Number of protein chains: 4
Amino acid sequence: MKHKKPKYRQIIDAAVIVIAENGYHQAQVSKIAKQAGVADGTIYLYFKNKEDILVSLFQEKMGTFIEKIEEEIAGKETASEKLYMLIEKHFALLAADDHLAIVTQLELRQSHKELRLRINEVLKGYLNVVDKIVITGKQTGEFRDNLDLRLARQMIFGTIDETVTTWVMNEHRFNLQELASQVHELIIYGCGRPA
Amino acid sequence: MKHKKPKYRQIIDAAVIVIAENGYHQAQVSKIAKQAGVADGTIYLYFKNKEDILVSLFQEKMGTFIEKIEEEIAGKETASEKLYMLIEKHFALLAADDHLAIVTQLELRQSHKELRLRINEVLKGYLNVVDKIVITGKQTGEFRDNLDLRLARQMIFGTIDETVTTWVMNEHRFNLQELASQVHELIIYGCGRPA
Amino acid sequence: MKHKKPKYRQIIDAAVIVIAENGYHQAQVSKIAKQAGVADGTIYLYFKNKEDILVSLFQEKMGTFIEKIEEEIAGKETASEKLYMLIEKHFALLAADDHLAIVTQLELRQSHKELRLRINEVLKGYLNVVDKIVITGKQTGEFRDNLDLRLARQMIFGTIDETVTTWVMNEHRFNLQELASQVHELIIYGCGRPA
Amino acid sequence: MKHKKPKYRQIIDAAVIVIAENGYHQAQVSKIAKQAGVADGTIYLYFKNKEDILVSLFQEKMGTFIEKIEEEIAGKETASEKLYMLIEKHFALLAADDHLAIVTQLELRQSHKELRLRINEVLKGYLNVVDKIVITGKQTGEFRDNLDLRLARQMIFGTIDETVTTWVMNEHRFNLQELASQVHELIIYGCGRPA
DNA sequence: TATGAATGAGTGTTCATTCAT
DNA sequence: AATGAATGAACACTCATTCAT
C-alpha cells in the first residue's frame, strides 16, 4: 500500500508487457516509458534505476500472488488440501496472466546475478508458505515424520516451477490448471505404486 | 569423435572456466580466447559465433554427462535402482566439477531466450533417460499405472534441478551427494505417509 | 537598490554555498532551490535561467567587491598607495569569504565560453579600477611613461589573480593577506635589482 | 617517444581541432573519432577514456612546448635573457598554433576539477622552468635577493598567461609576439619608474 | 507569487565480429 | 591456420525548464 501513485503501477504494468513482448534484453527503459505513456525521465521519479523497476515488479506481483494464495490456503484444514490449493491457485494465477507468466518463468531469469539474488529474497515469501504446509503436514501426520523440510520444499517448488516453465515454453499448448490434481497427487504419493 | 582438434576442446574448457569465474555477462570472447591461449579471431575458425561456443559447451558436457549416467543405469535392474543411480551420478558429477555446476545451474540460464531454446534441445537427451526410467517403472509395476509421463518427468527433473541449484547458490554449504537417497525416496513415495 | 526582493539574494547566496560545496558541475538548480528554501520553479520567477543566476551572482558579489575597494582607494593619495590598498583589500575580502573565493577562482571558470564572456564584462569594472591607478601613476610620475596601459593591467591582474588561485588551490595553507606588501613590491619594482 | 603509433597522434591532433572549433562541451568522442578518421571504438584502443585523451593531449603538447623552450633558454647566459626567450618562445609557439592556443587558454579550463588537477601536474614542468630562471637571477644578482620564489613564479606566469588569454579572447586582434619585450621589461622592472 | 511533477534531448563506452596480413 | 587491430551499433540516466494548480 506504500505506492498509491497511479504512475508507479502504470510503469510496472508497462514493464511486464514490454518484457513479455520483447524479451528481457530488448526491454529498454525508453520502450517501457512509451508503453506507460510517460516520458523517459518520469521513470526515474518513481524508480531508482532500471533494476529497481524489475525488482519492484517482482515484489509487487509476487506480493499479490502470495497474498491470494495464503487467503485460499487459510480456508483449508488439512495439509493436503492446502497443498492442492497452492498448486491450483499458482497455476490459475499464471494461466490468467500470460504476460506475467512469461516474465517470471523465462525473462526475469536472464537477469544479472545481483538482480537474481534480490529476486530470490522475494521468492522466500513463497517458500515460507510451502514450508508452513509441510510443517503442518508433519504435525497432522499426513506427511512422513522423517521428511526433510528443505528437500520437501525443493521438491514441491521444483515440480510446480518446472511444470509452469514447460507450459510457458510450449506456448500454452496444454491446459495448465487441469494438471493441478495430478501434480498434487505426484507430490503426495510420488511416482511409486501405493503398497 | 566429432572434433579431434585440440583447440576446439581448449576453447570450450576455457569458456567453462571464464564463465564460472566471471559470470555469464562478463565472459567476453576476448577473455575466453586469452584463457584458451589463442587469438580472438581463432575462436571463429572453430565456432560460428559466441552463442555457438555456449551451445557446443553444453552439448559436449551434457553429452559426456548423459553417457556416464546411461552407463551406470544400464547395470541396474529395477526402475527404482535406475532412478537412484541417475540421482546419485547427477549429484556426483556436478559435485566433482565446481565450474561446470556453476555454469549449468546459474550462468547459462542468463542466456538469451533463443540460446535457451537450443540448450533445451540438448537437455532432451537427459529427459529421454528420465522418460525411459519412468516407462520401465510403469512396465515393471514399480510406478503407478496412471502416472503421466510428462508430469513425472517434470517432477523428477524439477526436484533434482532445484536441489542442485540450491546447493550451488548456497555455495556448497551442504553435501549434495549424501542427499541422493532422500531425494530418491521423495520421488518414489512423495511427501505422504505410507498407508 | 535594484533588487530588494529578499528571495533574489536568498537564491544567490544559496548558489554560492552550493557551488562552493559541490562544485560547478554538481550545482543543479534543484540543489540551489533546496538550499534557498524555495521550490525549483520559484527560481525562474527571479532569474531567466541557470546562467542568469551565475552572472547575477558574479555581478552582485563583484559589484560589492569593487565598491569596497574603490572606497579604500579613494582615501589614498599616491598610485602606489592606491595599488597597495587594491591588493590588500582584494586579498582581505576573499580571505574573509571562503565560499566566494572558491566560486570565483575555481568553479566559475569551468563555465561555458559564453558565460565566461559575460563574466568578463562584469570583470571590466574591476579592470577599470586598475586602469585608473595605472593612469594616476603615470600622471604623478610614479610609474614609467612608456608603460602600456593594457599590459600593465594584465600584469597587475594576472599577478593578483594567480596568487589568489594558488592560495585557494593550496587550500589556504598560507596566509594570503600577509603577501599583500610583497606582491605590491613585485608589481612596482619587478623582479630586477634596483639600479 | 612512448607512442609511435600514428593513430595515437592522429587522435590527439583531432581532439585539438575539434575542441578548438566546437568548444570543450561540444567535443564529443564521436566527433573526435570522425575528425581523426577512425571508428569510435578505436579511440578506446589508445586511450582509457575521454579524460585520458585530454590529459594526454595536454601532456604531449606541453611536453613539446617545454622542450622547445628549454632548448632556447639553454643557449642564453643571463636570467634576463632566459626570461626573454621564455616569453618570446611562449608567445611564438601559441601564436603559431591557433587551435592549441584556444584549447589551452580557454577550453581546457572548463574541465572538471579532477581533470584540472591532473593538468596542473603537467603544468608543474613549466613552472619548474620559471623557477630555475628566478633562481639563476638571484644567484647572478640580476634579481633581488629578497625575491620570494613562489610569488615571482606567480607573477611571471600570471602575467604571461593573462596576456595570452586576453589575446585569444580578443581573437588575435593584436600581435602577441611583438609584446614579448614589453612584457619582459614589465616583469624585470615592474610598473615603477627607475630610481 | 509559489509550487513541484513532468518532460525529453543528449553521449561515453563495450564488445562480438571481420579481414588484411 | 592464426592473428589482433579495427569496427560501429546500442542504451541508461541527468537535469534545466515548463506549466497546471
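As the structure is a prediction and not an experimental result, all values here were calculated from the model. Residue numbering restarts at 1 for every chain, and letters A, B, ... go by the order of the sequence lines.
Between D:Q28 and D:I32 there is no side-chain heavy-atom pair separated by less than 4.5 Å.
Look at CD1 on A:I11: it is 14 Å from P on E:dA5, rounded to the nearest Å. What separates CD of A:Q28 from C1' of F:dA10 is a distance of 8 Å, to the nearest Å. Atom P of nucleotide F:dT18 and atom OH of C:Y46 are separated by 17 Å, given to the nearest angstrom. Put simply, NE2 on C:H112 is 10 Å from P on F:dA16, counting in whole angstrom units. Rounded to whole angstrom, the span from the CG atom of C:D40 across to the P atom of E:dT1 amounts to 19 Å. If you measure from atom CZ of B:F47 to atom C1' of E:dT17, you get 16 Å, rounded to the nearest angstrom. If you measure from atom CG of B:N22 to atom P of E:dC15, you get 11 Å, rounded to the nearest angstrom. Atom CG of A:L45 and atom C1' of F:dC13 are 12 Å apart (whole Å).
Contact annotation: D:K31 does not reach the phosphate of E:dT11 (side-chain N/O to OP1 or OP2, under 4.0 Å). The side chain of B:K50 places no N or O atom within less than 4.0 Å of a non-bridging phosphate oxygen (OP1 or OP2) of E:dC15. Between B:Y44 and E:dC19, a side-chain N or O to OP1/OP2 separation shorter than 4.0 Å is absent. Regarding contacts with the backbone of E:dG8, every side-chain N or O of A:K34 stays at 4.0 angstrom or more from both OP1 and OP2.
Under the Watson-Crick and G-U wobble criteria, each requiring two contacts below 3.5 Å, nucleotide F:dA20 is paired to E:dT3.
Atom CD1 of residue C:I19 and atom CD of residue C:E107 lie 7.5 Å apart, to the nearest 0.5 angstrom.
Under the 3.5 Å distance criterion, the side-chain polar atoms of A:T42 are left unmatched by any main-chain donor or acceptor of A:V38. Counting only distance, with no hydrogens or angles, the side chain of B:K31 and the backbone of B:Q26 share a donor-acceptor pair below 3.5 Å. Side-chain atoms of D:R116 never come within 3.5 Å of backbone atoms of C:Q110 as a donor-acceptor pair (strictly under, hydrogens ignored).
Along DNA chain E, the nucleotide nearest to C:T42 and the one nearest to A:A39 differ in position, and the one closer to the 5' end is contacted by C:T42. Both A:N49 and D:G41 sit near DNA chain F, but only D:G41 has its closest nucleotide nearer the 5' end. Closest-nucleotide positions on DNA chain E for C:G37 and B:V29 were compared, and the one nearer the 5' end corresponds to C:G37.
Distance from the side chain of C:V38 is smallest for E:dT3 among the nucleotides E:dT13, E:dT3, E:dT7.
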